[in-house]
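Each chain gets a letter, A, B and so on, in the order the sequences are listed, and its residues count up from 1. All values below come from the heavy atoms of this structure, side chains included, with hydrogens, waters and symmetry mates left out. Since we're looking at a predicted model, the values are computed, not measured.
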Amino acid sequence: MEFGLSQEQVMLQASVERFLAGQGGLARTRKFVSDNETRATDVLEGLAGLGVTGLIIPEDFGGVGLSFLDAAIVAEALGRYVTPAPYVGTAVLAPLALMRAGNESQKTHWLPRLAAGEVVAGVAISESTGARGDAGLTLKEGKLSGTSLFVIDYEADVYLVADRDGGLHLVPADAPGLTRTSLRTIDGTRPTGELTLDSVTGEALPGSCPAVLRELIDVGRVMFAADTLGAAQDMLEQAVAYSKERKQFERAIATFQAVKHMCAEMVAALEPCRAMVWYAAHALDALSAEASVTACHAKAHLSEVGTLVARRATEVHGGMGFTDLVGLHYWFKRIGFNRQILGGPQTVREDAARLQGFAV
Amino acid sequence: MEFGLSQEQVMLQASVERFLAGQGGLARTRKFVSDNETRATDVLEGLAGLGVTGLIIPEDFGGVGLSFLDAAIVAEALGRYVTPAPYVGTAVLAPLALMRAGNESQKTHWLPRLAAGEVVAGVAISESTGARGDAGLTLKEGKLSGTSLFVIDYEADVYLVADRDGGLHLVPADAPGLTRTSLRTIDGTRPTGELTLDSVTGEALPGSCPAVLRELIDVGRVMFAADTLGAAQDMLEQAVAYSKERKQFERAIATFQAVKHMCAEMVAALEPCRAMVWYAAHALDALSAEASVTACHAKAHLSEVGTLVARRATEVHGGMGFTDLVGLHYWFKRIGFNRQILGGPQTVREDAARLQGFAV
Amino acid sequence: MDLSYGPEHEAFRQETVAFIEANKHLAPRPGGPSALAWQALLIDRGYAARTIPRAYGGYGADPDILKSRIIAEEFARAQVSPGLGGQGISMLVPTLLEMGTEAQKVQFIGPTLRGEMLWCQGYSEPNAGSDLASLATKGELVGEDWLINGQKIWTSTAHLAHWMFCLVRTEPEAAKHEGISFLLFSMETPGIEIRPLVDMTGAANFNEVFFTDVRVPQHQIVGRRGQGWQVANSILRHERGSLADPNTMLSRVNALTDMMKSETLDGRPVMDNPIYRDRLMQIQGRVLAMRCNDLRLLSAAVNRQNPGVAAMVVKLQGTELRHELEALAIDVLGELGLLYGDTPRLRGHGSWQRDYMYFLGLIIGGGTSQIQKNIIAERGLGMPREAKLATA
Amino acid sequence: MDLSYGPEHEAFRQETVAFIEANKHLAPRPGGPSALAWQALLIDRGYAARTIPRAYGGYGADPDILKSRIIAEEFARAQVSPGLGGQGISMLVPTLLEMGTEAQKVQFIGPTLRGEMLWCQGYSEPNAGSDLASLATKGELVGEDWLINGQKIWTSTAHLAHWMFCLVRTEPEAAKHEGISFLLFSMETPGIEIRPLVDMTGAANFNEVFFTDVRVPQHQIVGRRGQGWQVANSILRHERGSLADPNTMLSRVNALTDMMKSETLDGRPVMDNPIYRDRLMQIQGRVLAMRCNDLRLLSAAVNRQNPGVAAMVVKLQGTELRHELEALAIDVLGELGLLYGDTPRLRGHGSWQRDYMYFLGLIIGGGTSQIQKNIIAERGLGMPREAKLATA
């Protein structure tokens with residue numbers, strides 16, 4: 001009985017965090033955003049050096065063959081440092097799709113490149129969790145047409161796209177008939193955008209099936225939940241530290257009961273989320289019967305708690321929290337992004353209800 | 001421009017409150033509950049003496065011909081004193097139904113008796129806001145059959161009942177084929193129960209129509225909202241007073257920021273509700289286009305705020321709030337009753353959405 | 001209960017409507033008539049600076065709250081500019097009328113009303129936020145001048161303003177609230193540096209302002225030395241309620257309603273989703289409560305009654321409600337609700353996200369929600385002030 | 001990550017299951033076997049009083065958190081009584097083992113474990129609730145006896161208990177926390193009066209206990225004079241987490257789910273209502289978080305790690321969550337949710353309303369939510385203690 005992280009996992013997370021801190025943390029993020037960078041190559045290379053880009057890819061294909069729990073604690077670290085690097089798409093979902101549904105030549109071609117960080121893969125599956133307007137991709141006579149919005153890790157070399165029937169395809173960024181349009185969101189650390197396909201010839205993953213798409217969604221949701229965990233934990237810590245420093249009425253504001261209770265409410269809501277994210281990630285690895293419902297709950301619950309913490313931590317900072325000076329808003333906005341991507345809380349909870357047969 | 005109560009209205013409410021205080025307040029309520037009284041005749045007579053039983057009945061029929069706003073401020077007073085007397089059914093909804101849909105002989109027979117407080121009328125319309133299980137009344141060949149639950153002012157001499165098609169009927173308490181079953185709820189101040197009808201001959205109100213039933217529901221909702229306003233206001237005042245008296249850690253607990261903020265949150269939520277109840281009642285009187293939606297919002301919003309205040313006021317009292325010693329739970333439970341009767345907040349909000357064409 | 005404004009006021013409303021109809025082509029717009037000319041016309045006809053004495057450049061009418069409300073309502077309904085606002089007109093002018101010298105009134109009120117003199121407010125400092133009275137910007141009397149050194153923050157329009165009204169600590173020996181003076185000075189005085197303060201919305205809605213040996217003539221003080229706290233406090237309260245106007249909230253609810261009808265998710269209007277619909281109804285109900293409360297406040301003002309706690313809760317409830325309203329819009333839009341800035345597919349010009357953040361700023365600004373709750377508990381409910389701390 | 005209990009413990013689970021299967025006919029029930037005989041069997045076989053030394057009437061096993069958990073799980077699963085509980089077994093016995101004299105251990109532990117000696121706890125007083133250390137019940141040494149005068153409140157099972165463990169102020173001159181002693185006495189001692197304390201659920205779950213010249217032999221003290229606060233505090237913490245067991249919450253969620261499938265509104269199952277369904281999913285998700293947190297605490301206990309703040313938040317979050325869960329059930333039932341007591345159409349034996357109120361009591365009791373937040377902020381987040389007040 002050992003519910004928690006192994007020594008190796010603690011070390012993995014620590015080494016990623018050490019790298020992210022060393023690489024500049026918030027300063028690096030600010031630069032990425034203000035310079036309109038599209039790919040933080042230095043960060044990506046550093047992460048590749050730590051094995052992060054090949055984290056879940058089997059060793060046979062050049063990766064390190066670790067678990068979803070390992071992937072989740074890396075996501076947590078990236079959230080904590082509001083890191084502007086591609087991850088959930090390129091390091092988790094795209095490799096996973098290839099591992100589950102790719103044929104040998106696809107695996108042999110793509111997985112080692114992804115593992116090495118030589119190639120970045122975007123993932124276009126957001127219509128599978130709810131299509132806005134007329135978005136959606138249709139496969140007709142082997143050609144893909146339509147639009148897919150909110151591509152995860154949009155600034156990519158190749159895209160994994162899902163069609164309306166759940167089929168998965170690889171589409172290179174320079175494929176004829178593919179038009180890319182960048183979409184700016186509040187979260188400058190997560191480039192996103194839309195793909196418009198006009199009779200594009202993609203490369204189908206032959207093992208595609210609803211179960212694989214389902215797993216992609218589940219895994220993606222847990223990763224964004226983990227990202228929120230890290231971001232919210234950092235905001236909480238910043239708020240507590242600030243409250244001990246900041247003086248008003250001749251005393252540190254941390255001595256005011258209202259401020260203490262705001263912080264207590266934050267940690268009381270957030271701390272159980274840590275175990276929840278661990279459990280949900282472990283369920284992806286080892287408890288398949290529970291994995292989908294647990295992923296939904298982790299995503300929805302972390303979104304709600306993350307929103308609460310983002311707001312309260314800002315409030316504890318008073319006016320400073322609202323400014324760009326302390327940069328707290330990078331975390332606030334990242335949590336906001338994580339809330340909506342792959343389905344907002346209500347959408348995801350309805351999914352949980354459906355999975356249990358409570359709704360049609 | 002005068003948004004608020006007239007001098008006469010202020011005096012009316014004050015005289016009702018003075019009577020209720022003089023008649024014993026909480027002590028009278030405790031006796032009513034512990035002795036399992038079915039009708040607080042003394043209270044009813046006193047209210048009749050003040051004109052409350054005939055408040056909205058025209059002077060021609062022995063009443064005082066006042067408005068729904070007057071009826072609402074009386075409801076508020078009754079809530080404030082957790083008064084165990086019939087009111088919403090017998091003094092408001094039954095007279096209203098007769099005034100709107102009764103023929104002259106029905107009006108002449110019933111209204112003066114209701115106004116005098118000689119007769120108590122129960123109102124059985126809860127299935128019109130949501131039928132539980134197989135509850136509901138069917139009219140077939142002039143005979144009423146079926147069950148109606150949660151009769152308002154159940155301990156009555158005559159019942160106003162609604163059938164499944166919205167037809168309204170009067171059924172005397174001793175009508176052949178009528179079986180009455182008392183239902184105990186948390187709120188001991190509001191006797192309720194169910195009626196089972198087996199081919200009962202009622203007296204139809206000839207002017208019955210969906211619009212009249214709609215008005216009954218709207219008016220009833222505003223009255224229960226007003227009752228919650230009074231009950232919640234009293235709980236808030238009790239909490240503030242207690243916090244100034246109660247000492248822990250060598251100081252009045254009112255000096256603790258956590259306690260102050262709990263009280264501030266209560267009043268901040270509750271104070272705008274006063275204007276809302278006034279407005280909703282006035283809309284029943286004079287703004288017919290808005291009346292139904294406004295009634296829904298008043299009922300739903302007061303239910304939510306009432307629940308918050310009931311809980312927080314109890315918390316401010318600490319352990320004492322949980323005991324029977326201070327009797328705070330009479331208010332807590334009355335607010336709980338008001339929340340569910342004639343539709344809980346979600347049901348009522350969906351009604352508001354339907355009325356605006358947002359839902360089917 | 002009488003929600004009508006009465007015949008005299010209804011006639012005034014007709015007049016107002018007619019004026020707007022006849023003159024709206026003169027209202028300012030990019031490339032069109034200027035805001036200053038429009039302001040002059042409005043003052044001349046009594047639709048701006050209505051109750052300011054003619055001697056100081058106003059219209060000189062008797063105060064009539066309903067007429068003021070009617071003007072606000074009708075200009076809003078017609079979506080025509082109601083003239084100039086800003087802290088000079090809304091805060092400094094009333095202050096001068098109450099506490100200024102005759103010379104100050106003559107010098108400052110007219111140009112301010114006409115829009116020739118724009119003001120910014122120098123109150124908050126980095127270490128004096130909720131605890132404003134601990135402000136440390138120093139004013140020392142050197143010869144005939146105040147010599148000012150220090151820093152202000154949250155100064156909106158500092159980069160546009162001609163003048164500043166400013167709280168400065170002039171009596172360092174006095175008790176905290178008694179050592180402050182209220183000074184007026186030109187923003188062109190040497191020694192003033194303005195730095196824009198970018199906030200989470202991405203805009204620089206505010207500034208930091210730094211003072212290095214800024215010289216201000218001795219007479220440019222309002223009230224007496226050390227009386228600045230009282231001067232400032234008499235108008236601070238006006239600022240708070242205006243942050244959460246329920247009529248603006250209602251138009252946001254209506255915009256949200258329209259959006260929920262037109263946006264689709266998986267091919268169905270979002271309004272068909274009962275959960276979002278229920279949240280919309282919750283918000284609509286709460287906005288209705290605040291609108292009713294606002295009617296009550298208006299009525300109290302007209303009838304010269306003290307609205308008590310009903311007025312104190314407006315800022316706390318209103319800013320929170322507005323923040324939640326915007327949050328619902330974002331949830332309803334899902335990923336589309338994340339879009340911000342210059343981007344395709346942007347909804348509502350980005351206003352949902354902007355106001356979601358901006359109203360979080362307002363929950364904090366102008367007296368944080370925590371400070372508001374203290375005030376409501378102490379002044380509204382008569383609960384005791386925070387117990388005094390032992391001097392450590 | 002390893003959620004298995006390992007082969008040794010799985011074998012132990014098999015044994016436990018087999019024991020329950022073979023012996024459940026001996027479990028107490030109305031008109032059947034007695035609770036005392038069952039308790040004796042459980043102790044004899046190591047399913048109760050498992051780690052209490054044999055010398056004092058226990059089973060004498062080494063502590064093994066997983067085995068204790070397995071026992072709890074399997075008895076719960078089989079819905080068979082896990083033996084006696086109560087404040088004697090859960091609170092006094094651990095206290096005596098740690099701080100009692102040999103004579104006290106011998107005298108009290110055995111009969112307590114066997115259920116022959118029931119205890120109640122005399123801690124809270126009307127003026128000593130959140131501020132327990134301000135308790136005023138007086139113990140004066142008169143000859144060889146403590147002479148006790150005062151009053152306790154919130155004393156559950158006082159009317160059933162044979163003995164009380166009680167905090168009494170014996171050193172009125174000492175500092176607040178240093179003047180308290182921990183005394184044991186029989187409830188049959190003359191001068192004790194018990195009054196039932198009816199609460200909002202309508203039940204008398206608690207009592208008030210009054211002491212008038214109650215004489216307690218001098219040696220019936222645990223620890224030294226004035227050391228009572230430390231004695232009591234070492235076990236108070238254990239009480240708090242147990243108020244919000246996530247596995248109990250899970251069974252309530254399941255009961256609520258079943259109810260939502262079976263109840264109908266306007267002819268359709270309530271589960272078809274998307275708004276109630278969403279609220280159910282919210283609660284289910286939050287319960288899941290607390291269950292995961294509980295696994296983490298178990299793992300920390302097994303591996304002798306300090307769970308830190310993860311343990312401190314259980315009472316605050318759990319009681320709130322349980323209260324909201326019951327509130328949802330009431331809303332789902334609508335008017336049916338109001339029914340309470342002996343009445344037709346009652347749902348869930350009235351448990352929804354009862355637990356809704358009872359858990360509001362628990363939000364307050366055992367350290368109010370406000371006190372919990374203080375503790376979490378100070379001990380969990382290292383925020384400073386409440387600043388000292390000036391002596392007025």
Are [X] and [Y] close enough for a salt bridge, meaning some N to O gap below 4.0 Å?
X: A:D227; Y: A:R80; result: no
X: D:D294; Y: D:R69; result: yes
X: A:D351; Y: A:R214; result: yes
X: D:R50; Y: D:D64; result: no

Can you tell me which of [options] forms the most heavy-atom pairs within a distance under 4.5 Å of chain D?
options: A:P272, A:A275, A:A280; result: A:P272
options: A:H282, A:Q9, A:H301, A:H261; result: A:H261
options: A:S6, A:C273, A:A300, A:A269; result: A:A269
options: A:P345, A:A359, A:A286; result: A:A359
options: A:A268, A:A352, A:C263; result: A:A268
options: A:Q356, A:R349, A:M266; result: A:R349

Sort [X] into side chain, backbone, both or neither according to what part of it lies under 4.5 angstrom from a heavy atom of chain A.
X: D:D278; result: both
X: D:S369; result: neither
X: D:L3; result: both
X: D:R277; result: side chain

Determine whether a donor-acceptor pair (N or O, by modelled atom type, separation under 3.5 Å) exists between the side chain of [X] and the backbone of [Y].
X: A:K299; Y: A:G344; answer: no
X: D:N293; Y: D:A310; answer: yes
X: A:Y87; Y: A:A71; answer: yes
X: A:K260; Y: D:I376; answer: no

Need one label for [X]: side chain, backbone, both or neither, based on atoms under 4.5 Å from any heavy atom in chain D.
X: A:S67; result: neither
X: A:E265; result: side chain
X: A:V267; result: both
X: A:V259; result: both
X: A:L302; result: neither
X: A:A298; result: neither
X: A:A353; result: both

Quiz prompt | D:R252 and its salt bridge (charged side-chain N to carboxylate O under 4.0 Å, His left out) partner, picked from D:D355, D:D245, D:D258 | solution = D:D355
Please rank [options] by heavy-atom pairs under 4.5 Å with chain A and give me the top one.
options: D:V302, D:D272, D:V309, D:L298; result: D:V309
options: D:P274, D:A377, D:G285; result: D:G285
options: D:L297, D:L288, D:L316; result: D:L288
options: D:R286, D:Q282, D:M290; result: D:Q282

Practice problem: Tell me yes or no: between the side chains of D:N374 and D:Q370, is some donor less than 3.5 Å from an acceptor? | Solution: no
Quiz prompt | Shortest non-hydrogen separation from A:C296 to A:R221 and the atoms involved | solution = SG-NH1, 3.6 Å
Quiz item: Looking at A:V348 and A:L342, what are the two nearest heavy atoms and their distance?
Solution: CG2-O, 4.0 Å
Quiz prompt | Heavy-atom neighbours of A:R311 CZ exceed 12 at 6.0 Å | solution = yes
